[in-house]
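Written below as structure tokens is the structure these notes are about.
Within every chain, numbering begins at 1; the chains are lettered A, B, ... in the order of the sequence lines, protein sequences first and strands thereafter.
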There are 2 protein chains.
Amino acid sequence: MSGPAHPEGAGRREAVRVLIVDDHPVVRRGLRAMVDDLPDVEAVGEAADGAAALRLLDDGTRPDVVLMDLQMGDGMHGVEATRRITARPSPPAVLILTTYSTDADILAAVEAGATGYLLKDAPPEEVAAAVHAASRGETVLAPPVAARLLGRVRAGGRPALTQRETEILGLVAEGLANKQISRRLFISEATVKTHLVHIYGKLGVDSRTAAIAAGLAAGLIRAV
Amino acid sequence: MSGPAHPEGAGRREAVRVLIVDDHPVVRRGLRAMVDDLPDVEAVGEAADGAAALRLLDDGTRPDVVLMDLQMGDGMHGVEATRRITARPSPPAVLILTTYSTDADILAAVEAGATGYLLKDAPPEEVAAAVHAASRGETVLAPPVAARLLGRVRAGGRPALTQRETEILGLVAEGLANKQISRRLFISEATVKTHLVHIYGKLGVDSRTAAIAAGLAAGLIRAV
DNA sequence: CCGAAAATCAATCGAACGGTTGAGGGCGGC
DNA sequence: GCCGCCCTCAACCGTTCGATTGATTTTCGG
């Protein structure tokens, strides 16, 4: 846990090897251009989704840092990909790079083992600094992200729903009725209602539709 | 209306001049790299938001094509920027480039005078072809966008809610109860229910939460 | 080891919601 | 002028939802 391994030994200061994972060709191109502009940093591959990234790793690509987009249309979601990458032996550092920071995303990504969290509107210098920091095993968070996390922790983390509650709120937002949710999760309808009461309390609302609005606004769930 | 003006005269086939407008440095970098790779195309400027783009135009930058992101965090929204750009004398063609296509966005952008609509996950060749087509004054739509528009027109615009229905669906998505909606719109609760029944029918759902989900998915309403 | 939090289930009750039927006024197209 | 669509309102009825109370199990941390 003291940073990524350097299999070739440290004869001299070799370049930081970066793998770019994003489903948008435009973004991949931009990241590669940014990365290649930096001294001591080189892009060693690109992947359009999590599955492709894992294949590259299986095929012997050994990056020090993975720049990973969170929301990737089809295919594996960034959080899941992060989880699988960090579960590998001597894993690279995973830097999450995403358009906007919903609280749920940040927490999930950190839990999945991400080393840092960058916003796509970050200036190039910030991306550069983050890549270097990540290669040294340091945690990097974009200022807005850090502030959000701090605010959340400082506020006692109150609006934080439990895992199950978040899951149920997500199903509510998909338009499912309590009975449907209960069948989907193999629990009784009574349990669903209990969770909902807790959710309403935490969000300060008193109806399922208001809970959807509040959940979307707080970034606890995402509008597909 | 036969394509952008060529102030220097047409002594020889000069390059298509492109202005890039996006609030993400990464995306700007990627677009510039893509554009510069193309023969006969050159980037003449970058702007981080609509206001900056208009300033550039005021200062004499004369692009043939503007590559414009729709959702820009702070500052002017892409639709509004498009409207103002196309309202200028001898305007450049505006190519909308966005992450995902909600129907409302597409229609608004087209109404605002956009020449075309591209998705950010489009391959580079598609971007290249679109830039050239736009510079010739042609309309270009990414296949998924075109299909969506066609499907809408062919279906007789059926899932199109009336103005009032859209308004009510929006309030429902904000978490308001029927009685609250009735007071907000100065109509009776019975009327709200009638509208809702019509909305359910058009969206093919049978509950208000499902209507929210369907409305978001169809781009009829937007998650703030 | 014990208390707190999370997740599960049950039963009840009033209020809100969803579906149906019916109806009237305004407005634009044929 | 008439037909259709939109917006408005009303009454009824069955279902779902939200609130409350109370209970069990597991898990985590002090």
Looking at [N], I'd like to know if its phosphate oxygens (OP1 or OP2) sit under 4.0 Å from a side-chain N or O belonging to [X].
X      : N      : value
B:T191 : D:dC9  : yes
A:N178 : D:dC17 : yes
B:S188 : D:dT8  : no
A:H198 : C:dA6  : no

Between [N] ([atom2]) and [X] ([atom1]): distance, integer Å:
X      : N      : atom1 : atom2 : result
A:R208 : C:dA16 : CZ    : C1'   : 12 Å
A:Q180 : D:dT15 : CD    : P     : 16 Å
A:K193 : C:dA6  : NZ    : P     : 22 Å
A:I199 : D:dA19 : CD1   : C1'   : 15 Å
B:Y200 : D:dT16 : OH    : P     : 14 Å
A:H195 : C:dA7  : NE2   : C1'   : 5 Å
B:L196 : D:dT8  : CG    : P     : 12 Å
B:E189 : D:dA10 : CD    : C1'   : 12 Å

B:I168 or A:K179, whichever maps to the more 5' nucleotide of DNA chain D: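 The answer here is B:I168.
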Between N or O atoms, less than 3.5 Å apart, protein on one side and nucleotides 23-30 of chain C on the other: list the pairs.
none

Report yes if the side chains of [X] and [Y] come closer than 4.5 Å at any heavy-atom pair, otherwise no.
X      : Y      : answer
A:T115 : A:P92  : no
A:E174 : B:T209 : no
B:L196 : B:L169 : no
A:V21  : A:D69  : no

Distance only, no hydrogens: is a donor on one side chain within 3.5 Å (strictly under) of an acceptor on the other, for B:T191 and B:T194? no
Lys/Arg-Asp/Glu bridge criterion (N-O < 4.0 Å) met for B:D58, B:R88: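 So B:D58 pairs with B:R88 through a salt bridge.
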Does this structure show an ion pair linking B:R183 with B:E189, if we count only N-O contacts that are shorter than 4.0 Å? no
Name the nucleic acid region contacted by B:A190, choosing base, sugar-phosphate or nothing; use a 4.0 angstrom heavy-atom cut-off, strictly under. base
Minimum-distance nucleotide (side-chain atoms of B:R164 versus D:dT8, D:dC6, D:dC17): D:dT8
From D:dG18, C:dG18, D:dT8, nucleotide with atom closest to A:S207 side chain: D:dG18
